[in-house]
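To start, the structure under review is shown below, and the notes come after it.
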Amino acid sequence: MLTVRLPDGSSRAYDEPVSIAEIARSIGPGLAKAALAGRVDGELVDISHVVEADAAVAIVTDREADGLEVLRHSCAHIMAQAVQRLFPEAQVTIGPVIDDGFYYDFAYSRPFTPEDLAAIEQAMAEIVKEDLSVERQLLERDDAVQLFRDMGEHYKVEIIESIPSDEPLSFYRQGEFIDLCRGPHVPNTGKFKAFKLTSVAGAYWRGDSKREMLQRIYGTAWPNSKELRLHLRRLEEAEKRDHRKIGKQLRLFHFQEEAPGMVFWHPKGWTIYQVIQSYMKQAQDANGYLEINTPQLVDFSLWEKSGHAAKFSEEMFTVESDNRHYAIKPMNCPCHVQVFNQGLKSYRDLPMRLAEFGSCHRYEPSGSMHGLMRVRNFVQDDGHVFCTEEQIQSEVAHFMDFLFAVYRDFGFDEVLLRLSTRPEKRVGADELWDRAEDALRQALDATGREWELVPGEGAFYGPKIEYSLRDCMGRLQQCGTIQVDFFTAERLGAQYVAEDNSRRTPVMLHRAALGSFERFIGVLLEHYGGELPTWLAPVQAVVMNITDNQAKDCKKIEQTLKNKGFRGISDLRNEKIGLKIREHEMQKTPWLLVVGDREARSGTVSVRKRGGNDLGVMTIEECCERISADVARYGRGAPVALAGGKPNESEALTR
RNA sequence: GCUCGCAUAGCUCAGGAGGUAGAGCACUUCAUUGGUAAUGAAGAGGUCUCCGGUUCGACUCCGGAUGUGAGCACCA
């Protein structure tokens, strides 16, 4: 006799051990059919799993995230089976689930082509139609190695051999295909209604760039074709919002061969850049930062002293001149220490918060560059806090308050926090790390927000917190960071005089809120699809005439806008109003002001807000007040078109 | 850096047995002075990314370089 408790709080009693499938069947035939897996006391299992004692049991279907994962994982197996039917020499390796889909890596003599993908998809449909049952079995390690060796699956053999010998090895078989896998999997291959192979690319075996390159095929799977369609639509939407595309369309910046990975900012793009920078200047100033500026070119010896040369000399641009060896700075911190080092500092000077919009160059690997998101020349909203160990926690808390306020103004409410703790290779005593990690942990807890622990991912000189923004496409964009550094200040001889008159080395906190301006602007452009909130829009308002008669009136209004501090222009071209409206809508200008004879006579403007919202005729004063209110809102609560097609909340737009 | 693509007018893209090219938009000129997402007409615009090779002849085929895209690796 055993009792299972179901998620709705009810219980069911069974006379003898029962499988998940049987439990589902006893609840209802619909659920039995939909069951993909089960959850027993929180652990995900196959539906063939037999429950032998009292437990909390849930039937997992594709209506929940876990079920979808099982579905996708099984879909990866179907793909592998299809590949081996078509290409018997292809060896299977690993095939995990990723966001929205899955991939599987194969070793094969040549790369797969798009035509191959189509054929593989066909073969997958065939396997689905065959409705093969998927069976789990356990094998002894030696038998498993023998089995896969006989099949010529050398990568699988390597995987099996790398699994600790005390762990049971489970395998899943469907038809002629068998794969080492932890599971769970769907009970049969007939469960798939909507899947698609999306792309193919190389990937290193075991993620190691020194090892051979495999062929990775990406795919996606969904409970039904409608959701698959929606997903593909989201991908299209993301492509439309690609900041490289928007940058071209809105004439914000360009790249060219002669300066790979470095941005040519055009007037409108540079306006956005400047607006953000002056916002940050003001925000940092209000938060006790002292802005400084340090050299671009610094003798290589400083980078040797700071320890960067040893680790990153390959990634630094260098210059020979005057019989001297310089590096173009890849980061600002050593220079900030030089500023700190001028004049004897007292504990009373701490915390000292130095900030710099410092232009840095890094020789990034060619394959890693990506529009504005990863460039070789960028400017960080960089800052270094020199403080005592006791001040770490309050300084981190201070920074986070600042950071969240900044993000809110840019229209990001959801921030993911991650704490990276000591890596294996590190400097500094363990007790120092204990205290620093504790300080970060406490600062994180004090925010009342959720955060994630990433063990072992800290920098060699100290633990760090990273802040990722959730953009409107649901993607995470890592922007901010704060890192504790026990190392650099000491290496570069920074000291302060403590209360007891002893000389001590300050702790350094490296921090940035936006990260790099380049990347952050890329994130903004994609988040807003180019429709920047008015405070960031390079052109906030365009005044346009209907005929030449109103040219003077337009000029006057343009001047009024400028006097009030708005970025306004007038468009007096001899073109029809429809064309001007169209062009400025396409340039995503938030405020369009039309002046015809009627408005000119009454000293008014006809106002249209971006997106085709006609606000009617109003006085110029009222119009300015509205723009003013719009600017003052920053990006807070700015309506953002969500992927999947939620309509804009135009009410908020027009207010 | 690695694997596989791609590179044609300012932009988006066609094209061709290997015989030096075309569209739409943008641009220029002319006409048009108009009411909220494209007024009409005409014109100009190209070493087909660069360097080699094959060939009577290469934008087209082959090799390399550079840039770029997807993914991997990297990211102080």
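So you know, we letter chains A, B, ... as the sequences are listed, proteins then strands, and number each from 1. Keep in mind that what you see is a predicted model, and the values were worked out from it rather than measured.
- For B/rC75, its base never sits under 3.5 Å from the side chain of A/Arg362 at any donor and acceptor pair.
- Across B/rU54 and B/rC72, the matching C1' atoms stand 36 Å from one another, rounded to whole Å.
- For a distance-only test at 3.5 Å, the side chain of A/Tyr204 qualifies as a donor-acceptor partner of the base of B/rG1.
- Nucleotide B/rA76 forms a pair with no other nucleotide shown, judged by Watson-Crick or G-U wobble geometry with both contacts under 3.5 Å.
- Side-chain proximity of A/Met586 to B/rA37, B/rU33, B/rC72: nearest is B/rA37.
- Between A/Asp105 atom CG and A/Gln91 atom CD the span is 12.5 Å, to the nearest 0.5 Å.
- Aromatic pair A/Tyr218/A/Tyr104: centroids not less than 6.0 angstrom apart.
- The side chain of A/Glu257 sits closest to B/rU66 out of B/rU66, B/rU68, B/rA37.
- The base of B/rC2 is not paired with the side chain of A/Arg211 by any donor and acceptor separated by under 3.5 Å.
- Figure legend: A/Arg511 and A/Tyr289 shown as a cation-pi pair, the cationic atom lying under 6.0 angstrom from the six-membered ring centre and within 45 degrees of its axis.
- Under the 4.0 Å criterion applied to side-chain N and carboxylate O atoms, A/Arg475 and A/Glu526 are assigned as salt-bridge partners.
- Across all strands shown, B/rA70 is found opposite B/rU3 as a Watson-Crick or G-U wobble partner, with both distances under 3.5 Å.
- Pairing for B/rG19 is with B/rC56, a Watson-Crick or G-U wobble pair whose two hydrogen-bonding atom distances lie under 3.5 Å.
- In the set B/rG1, B/rU12, B/rA76, B/rG1 carries the atom at the smallest distance from any side-chain atom of A/Ser366.
- Under the Watson-Crick or G-U wobble criterion, with both distances below 3.5 Å, B/rA65 is paired with B/rU49.
- Across all strands shown, A/Pro330 has heavy atoms under 4.0 Å from base atoms, whether or not it also approaches the sugar-phosphate.
- Among the atoms of the strands shown, none is found under 4.0 Å from any heavy atom of A/Asn545.
- When the P atom is compared between B/rC11 and B/rU49, the two are found 13 Å apart, to the nearest whole Å.
- Within the 4.0 angstrom heavy-atom criterion, no nucleotide atom of any strand lies near A/Phe255.
- Nearest to the side chain of A/Leu579, among B/rC72, B/rA76, B/rU39, sits B/rU39.
- Minimum atom distance to the side chain of A/Arg598 is reached by B/rG35, of the listed B/rU39, B/rU68, B/rG35.
- Nucleotides B/rC59 and B/rC50 have their P atoms positioned 9 Å apart, rounded to a whole Å.
- Considering only the side chain of A/Tyr218, B/rC72 comes nearest among B/rC72, B/rC75, B/rU68.
- If you check every strand for non-hydrogen atoms under 4.0 Å, A/Glu583 touches nothing.
- With P as the reference atom, B/rU60 and B/rC6 are 14 Å apart, rounded to whole Å.
- No contact: A/Arg206 has no heavy atom under 4.0 Å from any strand.
- The base of B/rU36 lies outside donor-acceptor range of the side chain of A/Asp614, with no N or O pair under 3.5 Å.
- By the 4.0 Å N-to-carboxylate-O rule, A/Glu585 lies close enough to A/Arg608 to be salt-bridged with it.
- Checked against B/rC74, B/rG35, B/rU39, the side chain of A/Glu575 finds its nearest nucleotide in B/rU39.
- Backbone-only contact: A/Gly207 has heavy atoms under 4.0 Å from sugar-phosphate atoms and none from a base.
- The same atom, C1', is picked in B/rA17 and in B/rA58; the two are 13 Å apart, to the nearest Å.
- Separation of the A/Phe112 and A/Phe87 ring centroids falls under the 6.0 Å cut-off.
- OP1 or OP2 of B/rC75 has not a single side-chain nitrogen or oxygen of A/Ser368 nearer than 4.0 Å.
- Straight-line distance between the P atoms of B/rA26 and B/rA41: roughly 13 Å, to the nearest whole Å.
- In summary, A/Glu237 and A/Arg241 engage in a salt bridge, as defined by a charged side-chain N under 4.0 Å from a carboxylate O.
- Residue-level contact check: A/Thr547 touches the bases, meaning some heavy atom is under 4.0 Å from a base atom.
- Within the nucleic acid shown, A/Lys311 has no heavy atom closer than 4.0 Å to any nucleic acid atom.
- Listed nucleotides: B/rU36, B/rU33, B/rA70. Nearest to the side chain of A/Asp548: B/rU33.
- On the C1' atoms, B/rC75 is 48 Å away from B/rA44, given to the nearest whole Å.
- Taking only distance into account, the side chain of A/Gln215 never meets the base of B/rG71 through a donor-acceptor pair shorter than 3.5 Å.
- Taking the C1' atoms as reference points, B/rA9 lies 15 Å from B/rU28, given to the whole Å.
- The nucleotide whose nearest atom lies closest to any side-chain atom of A/Met213 is, among B/rC4, B/rC2, B/rU36, B/rC2.
- Comparing B/rA37, B/rA76, B/rU3 against the side chain of A/His308 picks out B/rA76 as the nearest.
- Among the protein residues, A/Gly596 comes within range of the nucleic acid bases, having at least one heavy atom under 4.0 Å from a base atom.
- Remark: B/rU29 base-pairs with B/rA41. Criterion, Watson-Crick or G-U wobble with two distances under 3.5 Å.
- Under 4.0 angstrom from either OP1 or OP2 of B/rA26 there lies no side-chain N or O belonging to A/Arg582.
- A/Lys580 comes within 4.0 angstrom of no nucleic acid atom, judged by non-hydrogen atoms across all strands.
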